[in-house]
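Working notes, beginning with the structure itself.
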Amino acid sequence: MRPTYWILGLATLSVVIGLFMSRDPERAERLSQMYRDAALTGETRQMVLMGLAIAIGGFIVYLTMTRR
């Protein structure tokens, strides 16, 4: 089976599940609350972005130093 069909099938499944989850108001509210609880706070988000920037910068330095 071609990967395109897998991606299309997963996207369709995601849309169907999303429609099912948003139809029930109680379930939609729980899902919204879950998203709010899982969100990072401002300070945590800045720390994560800084860590990613340092990691990407370190990887770029590593690549420039090891290439000949």
In residues 51-65, what donor-acceptor pairs under 3.5 Å come from side-chain atoms, sequence neighbours left out?
from, atom 1, to, atom 2, distance (Å)
Thr64, OG1, Ile60, O, 3.2
Thr64, OG1, Val61, O, 2.8

### Message
If you count every heavy atom of other residues, nucleotides or ligands that lies below 6.0 Å from Met50 atom CE, does the total exceed 12?
### Response
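Atom CE in Met50 is not crowded, with 12 or fewer foreign heavy atoms closer than 6.0 Å.
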Identify each donor-acceptor pair in which a side-chain atom of residues 10-20 lies under 3.5 Å from a protein atom, sequence neighbours left out, and give them as a table.
from, atom 1, to, atom 2, distance (Å)
Thr12, OG1, Leu8, O, 2.8

#### Entry: Pairs involving residues 31-60, ordered by first then second residue, that meet salt bridge (Lys or Arg N to Asp or Glu O under 4.0 Å) (sequence neighbours left out)
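Qualifying pairs: Glu29-Arg36.
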